Amino acid sequence: MIGATLARPLQAGTAAVGEFIDEFFAERLERAARHGDDYVRLWESARDGAAGGKRIRPELVLAAHAAYAGSSTTEAVRLAAAFELLHTAFLMHDDVIDHDLVRRGAPNVAGRFALESIDRGLPADWAHEYGEASAILAGDLLISGALRVVAELEAPRVVRRAVLEIVDECVFLAAAGEHADVRQAVRHAGDAPGERDILAMIENKTASYSFSAPLQAGAMLGGASAASVARLGEIGRHLGVAFQLRDDVLGVYGSVEVTGKSALSDLREGKETLLIAYAREHPDWAQAAAGFGTPELDDAEAARLRSAIESSGARERVERLIDERCAAAVDAITGSDLPQGLHEALTLTARACVERAR
């Protein structure tokens, strides 16, 4: 797990992040009680959605901040928590876009409200609409909450403004990436995304808010120079792309016992990853592609798709690109003046992107 590369020196900090998030939701739940039980349940489901994650982004914030400030502070913890709230919000919106009702093995916000409505005797189509509307609103509330946390950081005005700009830009880019991802998923014949399209989508949707922005914001709050902040953005982009490409490979070839995710879901969904873009260039793909993107895809058809991806050379090409992106990250780390502790942590993170199994 990639977060484990930073976990040991930051256990106290990440525990404080969890405490802040608990306090955040407790205050919102108290306010929500004035507006009825349904609104309380909305905030409860949002709180539950924020539990159980790897907390990669908070760890990166705290690592970058401590490297420049010397130690974690209350304000760094608040900033780290803001990124976790953003992450939770994006997952909620992503589930709505994908029409998913389950997250981490349990009903997500949309699923909880849909199931409750069905239990009350409401028609299924109305119940699902209500569930998705609830998830959209919960995500909106968490984005708003995260931005408020950042705006209220106790820091010099110029620093607070710079951190807020980093956070605002990562939200802006994540929406651009998500929008492109949806467009690629509803492609028309002859309009399938290519390598450049997919890599640009990954940089915007994943790399920015998951790696670049947490590193940059933490460093900025800790007093890093503009040059160091810019270099961390570059490192984060390479790490984020490598992380997502590994995720895409695991989505097709991973074991559900290890990853917690079925290796059929991406193929059934017709997810347009770089694996598929590369495979599509080879004749072997055309012979197996009929099952791609069909909800009825079974294990035998999935095996044919995996075989076609392998024989096309697509998996090898993606693995090579993961290696290249991680090497680029290490080169950027090595050629920088980053503090030694951050230098070592990010180098370990780059290696974890190559080696991780979940």
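It should be emphasised that the depicted structure is a prediction, and the values quoted were computed from it without experimental measurement. Sequence positions, counted from 1, serve as the residue numbers for this chain. Just the heavy atoms: all of them, side chains too, but no hydrogens, waters or symmetry mates, feed the values below.
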Cut-off 3.5 Å, side chains only: do S312 and D284 have a donor facing an acceptor? no
Tell me if a side-chain donor or acceptor on S307 pairs with a main-chain N or O of A303 at a distance below 3.5 Å. no
Can L60 be reached from F83 by stepping across I, L, V, M, F, W or Y side chains whose heavy atoms are under 4.5 Å apart? no
Under a plain distance cut-off of 3.5 Å, with no hydrogens placed, do H93 and D140 share a side-chain donor-acceptor pair? yes
Do I21 and V109 share a hydrophobic cluster (ILVMFWY, side-chain heavy atoms under 4.5 Å, transitive)? yes
Taking D98 for its side chain and D100 for its backbone only, find out whether a donor-acceptor pair lies under 3.5 Å. no
For a 4.5 angstrom cut-off between non-hydrogen side-chain atoms, does Y209 reach R57? yes
First locate atom CZ of R306, then atom OG of S311, and finally report the distance between them rounded to the nearest 0.5 Å. 14.0 Å
Heavy-atom side-chain contact between I309 and V252 under 4.5 Å: yes
Calculate, to the nearest 0.5 Å, the distance between atoms CG and CZ belonging to L305 and F292 respectively. 7.5 Å
With distance as the sole test, does H128 use its side chain to make a donor-acceptor pair with the main-chain N or O of A124 at under 3.5 Å? yes
Cluster question for you: counting only ILVMFWY and a side-chain heavy-atom cut-off of under 4.5 Å, with indirect links fine, are F113 and I136 together? no
Quick one: are D48 and R112 in side-chain contact, heavy atoms under 4.5 Å? yes
Taking side chain as C-beta onward, heavy atoms only, is I322 less than 4.5 Å from F243? no
Path from V229 to V167 over hydrophobic side-chain contacts below 4.5 Å: yes
The residue among L137, L141, L142, I97 that forms side chain to side chain contact (heavy atoms under 4.5 Å, CB included) with M92 is L142
Taking atom CZ of R320 and atom CZ of R325, what is their separation to the nearest 0.5 Å? 14.5 Å
Measuring from atom CD of E84 to atom CG of L86, what distance do you get when rounded to the nearest 0.5 angstrom? 9.5 Å
Side-chain donor-acceptor contact under 3.5 Å, R268 with T294: no
Say whether, by atom type as modelled, one donor and one acceptor occur between the side chain of D197 and the main chain of G194 under 3.5 angstrom. yes
Give the intermediate values and the outcome of side chain to side chain donor-acceptor pair (under 3.5 Å) for residues H99 and E132. CA-CA 8 Å; H99 303 293; E132 292 191 344; 2.9 Å; yes
Under 3.5 Å, side chain of R231 to main-chain N/O of G335, donor-acceptor pair present? yes
Establish, from distance only, whether the side-chain atoms of E324 and H238 form a donor-acceptor pair under 3.5 Å. no
State, with a plain yes or no, whether a side-chain heavy atom of I276 is found less than 4.5 Å away from one of K271. no
Could you give the distance from CD (E169) to CD (Q216), rounded to the nearest 0.5 Å? 9.5 Å
Counting C-beta onward and ignoring hydrogens, is there a side-chain heavy-atom pair between E316 and E319 closer than 4.5 Å? no
